[in-house]
Every structure is written in C-alpha cells, then in structure tokens.
Amino acid sequence: MSIESGLSTATKDFLVRSHGHFINGQWVASDSGETFAVHNPANGEVIAHCAAGGEAEIDRAVKAARAAFEGPWSRFTSAQRSRVLWKIADLIEQNFQQLCELEILDNGLPTPLAQYVCGMVVPEFFRYYAGWPTKIEGATIPASPQGKLPGQVFSYTLREPIGVVGAITPWNSPLPMVMLKIAPTLATGCTLVLKPAELTPLTAMRLAELCAEAGVPDGVINIVNGFGDTAGAALAAHPSVDKIAFTGSTEVGRKIIHAAAGNLKKVTLELGGKSPVVIFDDAKLEEAIPGAARACFFLQGQNCMAGTRLFVHEYVHDQVVEGIAAAARAMKIGPGLDPSSEFGPLISAEQRNRVASYVEAGLIEGAELACGGKALSSPGYFYEPTILTQTQPDMTPVCNEIFGPVLCVQRFGDDDLDDVVKAANSTIYGLSGSVWTRDLGTAMQMVRRIDSGQVSVNMHAAIDPAMPFGGNKQSGWGREFGKEGLEPYLKTKGISITW
Ligand code: NAI
Ligand code: MG
C-alpha cells in the first residue's frame with residue numbers, strides 16, 4: 001500500500017478538484033484553457049492539474065483587487081481586520097492535517113517540519129499581524145507651513161495602505177512564503193494578487209479559501225496560477241499594481257525591477273543567500289555541530305537563509321567536520337509523508353541536476369568530499385546531504401547559491417578575526433549568518449561586522465514573527481516580518497489644515 005493511500009479525505013478531495021484561479025472570490029479557468037501538472041517530488045507522480053494564467057487573468061485579478069480596495073475593504077475598521085486575521089489563524093489550525101499533507105505532497109518537506117510550519121509558524125504569524133491593524137498610527141507634527149503660528153495650523157501624518165499589491169512567491173517553503181504576503185496585506189488594508197510558484201501552488205489556493213471563510217471580502221485576496229515569464233511577468237509590469245513583493249532568485253529579482261519601472265511601482269525583494277556559519281575554537285561543539293548541520297541541511301538546503309559556507313577554527317576543524325558528516329550520514333532520507341523521514345527530496349529533477357553540477361565543479365576545482373555527493377537511485381529527486389572541505393572563496397560551489405544540501409567548509413587560524421570577517425563577507429549576498437563562541441567579546445565584534453540582514457549567536461536562522469528579516473547587498477530590498485514588514489505596505493500622507 002502506498003503512503004499516499006493514507007491521506008485524509010479532505011486532501012484527496014482537494015487534489016482531484018479542477019484548480020483554477022481565485023479571482024473576486026470565484027474559482028475560474030484560464031481563457032486559453034491551458035493547464036499544467038503539479039508533481040510530488042518524492043516520487044515524480046502527478047498529483048494535480050492547475051490552470052495556467054497569463055496577461056488576461058492577471059488583468060482581471062488586478063481589476064478585482066482595485067475594486068475591493070476602493071470598495072468594501074476600505075470600509076472595514078482596523079478592529080475588524082484584526083478579527084479576520086485571528087480567524088484565519090484559527091482556520092489554519094482547524095485544517096492542520098490537510099495543510100500538512102498538501103504542503104508535503106507539493107514540496108517534499110518532512111512531516112515533523114510540516115507540522116511545525118502548519119501548526120506553529122503560520123498560525124502564530126497571522127496572530128502576530130492580527131495585533132497590528134489597531135496600532136498603525138501617524139503623528140502630529142509641530143509644523144509652521146507658510147509662516148503659520150501655533151494654533152493657526154494643524155499638521156499630521158496619515159498612514160495609508162499602499163493599494164493593490166502583486167506578490168510572487170517561490171517553491172521552497174510554499175505556505176510560509178504566501179503567509180508573508182497575505183498577513184501584512186490584510187493588516188494594512190491593502191489588496192493582493194498573488195502568483196504562487198508553479199512548482200508548489202496547492203497550499204496557496206487552500207489558504208485563499210480559508211481567508212474567504214474567515215470573512216475576507218471578495219477581491220481582497222486573488223490567486224493567479226501560472227509560470228514566471230507569463231503570469232509573473234504580467235503582474236510585475238501591470239500599470240495598476242502599486243507594489244510588488246517578490247521572493248525568489250536574484251536573477252528574477254533583477255527582472256522584476258525592470259518590469260516595475262513602467263509605473264514606478266514600489267518593490268521589495270527577498271532573494272538568494274550564501275550565509276556564513278563561523279565556529280570558533282571555544283564554541284560549545286555539542287551544540288555547534290548539530291546547529292551547523294541544521295543550518296545547512298534544513299529543507300534539504302533549499303532555503304534562502306541556509307548556512308552554506310562554514311568557517312571553522314583550525315583547532316576544531318576536523319572534529320566539527322566529522323561531527324557534521326556523522327549527523328548527515330545518520331539522517332533518514334525518505335518521502336516527507338513517511339513520519340520517520342528526516343530529509344526529503346529536492347523539488348525537481350532540474351534542481352537535483354543543478355546541485356550535482358555544483359558539487360562536480362567543486363571537486364574538479366580541488367574541494368574534497370567529506371560525505372554525500374550522490375543522487376539516490378530511488379524514484380523522486382533525492383540527493384544526499386553533502387560536505388565539501390578544503391574549499392576556497394572563489395570556487396564555484398562557494399560563490400554561487402546552490403539551493404541544495406551542500407556545505408562548503410573553509411578553515412581559519414588564531415588571531416584571524418579580520419580575515420574571517422573578510423572571508424565571511426566575500427559574497428554578493430547578505431541574508432543570514434551565525435557565530436558560535438562562548439566569548440562575548442568575539443560575538444559582539446562578529447555580529448557587528450558580518451554584513452547581512454540577520455546574524456545569530458549560538459543559533460542559526462533565528463526566525464520570529466516580530467523580528468525583521470531581509471537581505472543586504474544582492475540578497476534583496478526591504479524587510480519582511482515584524483513592524484518593519486508592514487512599512488512597504490503603507491504610504492505616508494502629510495496633511496496641514498488651517499482655518
Ligand atoms: P525563480 O526566481 O525563477 O522563481 C521564483 C518565482 O518567480 C516563481 O513564482 C516564478 O514563477 C517567478 N518568476 C520566474 N520568472 C519570472 C519573471 N520573469 N517575472 C516574474 N516572475 C517570475 O526561482 P527558481 O527558478 O524556481 O529557482 C532557481 C534558483 O533561484 C534556486 O536554485 C535558488 O538559487 C534561487 N531561489 C531562491 C529563493 C529564495 O527564497 N531566496 C527561492 C527560490 C529560488
Ligand atoms: Mg526560474
């Protein structure tokens with residue numbers, strides 16, 4: 001009996017439906033009638049078919065979003081928006097099993113991680129943003145425009161929703177990526193047209209339905225399915241979209257900026273990373289070793305914050321490499337639906353080939369293999385957790401974002417703080433990073449000098465709804481999460497009144 005036969009009825013019923021676009025509260029097909037297949041990366045089988053949208057569907061969705069923005073949604077009080085966000089969190093919990101199963105089937109992540117995402121991360125994020133609508137405030141300003149005296153003029157600022165938001169999300173963590181766009185949209189009173197990743201559209205569609213069930217009016221959250229160079233490009237270029245929120249590759253991020261130039265829409269970008277993990281010789285290795293393994297191999301390394309460049313002090317280099325290699329070899333590789341799996345498949349055959357080619361390039365350039373380095377022969381797109389040692393900053397797998405389970409190790413010596421900072425920062429990216437030490441002085445210096453949007457000490461990827469997250473350098477523009485994550489969805493109006 002296959003693992004899939006144990007799926008809940010809710011999941012089975014969802015999969016066999018015909019999946020269109022969610023526009024103005026209705027499921028609709030594409031004008032062209034075109035569809036694409038959605039695959040389970042654990043076995044390569046087709047699990048669903050989805051309508052492929054283009055310019056026409058994007059235009060219809062943007063018009064619906066505009067009408068909702070100017071109409072019913074603009075009359076919601078901030079307290080009503082709070083209640084809707086809280087209700088969405090409750091509904092996510094009520095649909096926990098189905099969301100877990102769809103996310104695993106679509107993306108391949110292991111069950112415990114899916115349970116953490118659907119049971120904790122996503123509902124708690126919506127609850128965090130449920131607190132914000134009633135706290136978005138302007139200021140009164142002691143201004144004297146045109147020489148007005150105090151008491152003759154009243155100046156203040158209004159924080160207004162930016163308008164219609166276009167969002168484009170990637171496949172590596174589908175539901176959280178969609179959550180990151182929907183929650184600030186609703187908290188600020190914007191409306192949304194979302195194009196989910198064509199590789200993983202399922203939970204985005206289900207979440208749109210849960211938003212409607214929670215009381216979000218028609219047209220506020222719209223989903224157009226389809227490919228990047230058609231639906232995605234049409235959304236990024238649409239003249240009636242006020243802002244684009246994009247998460248994905250740095251290469252496509254650049255295209256988004258060009259497409260957005262037409263109407264100068266505002267752009268936020270959450271792009272690639274090549275984050276450093278720095279382990280000093282005084283680190284508590286029984287925590288640093290599993291921590292570094294998780295930092296790189298979490299989500300099979302298909303994770304923008306992954307700690308993929310490891311810098312280890314020479315005194316502990318061999319012990320750390322052997323420790324991480326032992327952890328990697330012990331990971332149970334298998335389909336995410338098998339609850340004992342700890343490490344799932346990559347998203348596609350293409351992604352697996354990409355990962356393999358980076359490993360091969362590294363070996364040709366002189367890196368050594370400490371473990372892994374092979375694709376599994378079983379069906380599905382599995383690739384072993386892999387460690388390359390003796391790497392140099394200019395090697396192909398060290399300077400490129402691989403987006404797979406490949407850890408590149410470099411060593412450093414005593415009194416090399418300046419050198420290790422320089423090496424850690426010698427990348428076009430600047431998203432995350434971690435430092436492992438018991439010395440507070442070393443930690444304080446390192447966190448200030450690592451050039452990235454997030455640095456943690458004795459932990460990696462310290463994500464929390466309240467903590468701003470985003471990239472320096474070519475890792476992006478702007479921040480998501482926390483209060484700062486609301487800013488790109490708001491605009492400020494300065495108002496002066498005299499009488
Ligand atoms: P991608 O950047 O092509 O896809 C991300 C999203 O952008 C998808 O929804 C896609 O349909 C859309 N898109 C693609 N081309 C577009 C265009 N011209 N206009 C508008 N939207 C467009 O990422 P891909 O090809 O799936 O993965 C390739 C590499 O990108 C990965 O190996 C990884 O290095 C990086 N990546 C980084 C992510 C991150 O979170 N930082 C997420 C996904 C990929
Ligand atoms: Mg692409």
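First listed ligand is number 1; within each ligand, the first listed atom is number 1. Side chains are part of it too, since the values below use all heavy atoms of this structure and drop only hydrogens, waters and symmetry mates.
Here Phe481 and Phe125 bring their ring centres to under 6.0 angstrom of each other.
Because its NZ or CZ atom is not both nearer than 6.0 Å to the ring centre of Tyr429 and within 45° of the ring axis, Lys473 does not count as a cation-pi partner of that residue.
When the heavy-atom distances from atom 12 (C) of ligand 1 to Thr200, Ile168, Ile244 are ranked, the shortest goes to Ile168. Residue nearest to atom 38 (C) of ligand 1, selected from Phe246, Tyr429, Phe403: Phe403 (by heavy-atom distance). Among Asn400, Val355, Leu271, the residue whose heavy atom sits closest to atom 41 (N) of ligand 1 is Leu271. Considering Ala236, Ser173, Gly272, Gly228 only, the shortest heavy-atom separation from atom 19 (N) of ligand 1 involves Gly228.
Contact analysis puts Arg354 in contact with ligand 1, with a non-hydrogen atom separation below 4.0 angstrom. Residue contact annotation: Gln302 has no non-hydrogen atom under 4.0 Å from ligand 1.
Between Asp229 and ligand 1, a contact under 3.5 Å exists for no N or O pair. Considering backbone and side-chain atoms alike, Glu198 places an N or O below 3.5 Å from some N or O of ligand 1. Polar contact check, Lys255 against ligand 1: no nitrogen or oxygen pair lies under 3.5 Å apart.
Between Phe14 and His19, the ring planes are tilted. Angles from 30° to 60° get that label. Ring-plane geometry between Phe36 and Phe227 is classed as tilted, the angle between the planes lying from 30 to 60 degrees on a 0 to 90 degree scale. Trp27 and Phe22 have tilted rings, their planes meeting at an angle from 30° to 60° on a 0 to 90° scale.
For ligand 1 and Gly232, the ligand atoms under 4.0 Å from any heavy atom of the residue are 19 (N), 20 (C), 21 (N). In the vicinity of Cys304, heavy-atom distances shorter than 4.0 Å reach the ligand 1 atoms 39 (C), 40 (O), 41 (N). Near Ile256, with a cut-off below 4.0 Å to any heavy atom, the atoms of ligand 1 are 20 (C).
Contact annotation: for Glu251 versus ligand 1, there are no heavy atoms closer than 4.0 Å. With a 4.0 Å cut-off on non-hydrogen atoms, Thr250 does not touch ligand 1 at all. With a 4.0 Å heavy-atom cut-off, ligand 1 is reached by no atom of Leu199.
A donor-acceptor contact shorter than 3.5 Å links the side chain of Thr111 to the backbone of Gly336. Looking only at distances, a side-chain donor or acceptor of Asp242 sits under 3.5 Å from a matching main-chain atom of Val164. Judged purely by atom type and a 3.5 angstrom limit, Glu103 uses its side chain to pair as donor or acceptor with the backbone of Leu175.
Exactly one residue among Asn303, Thr386, Ile387, Thr308 makes a side-chain contact (heavy atoms from CB on, under 4.5 Å) with Phe297. That residue is Ile387.
Ile88 contributes atom CD1, which lies 14.0 Å from atom OH of Tyr129 (distance to the nearest 0.5 angstrom).
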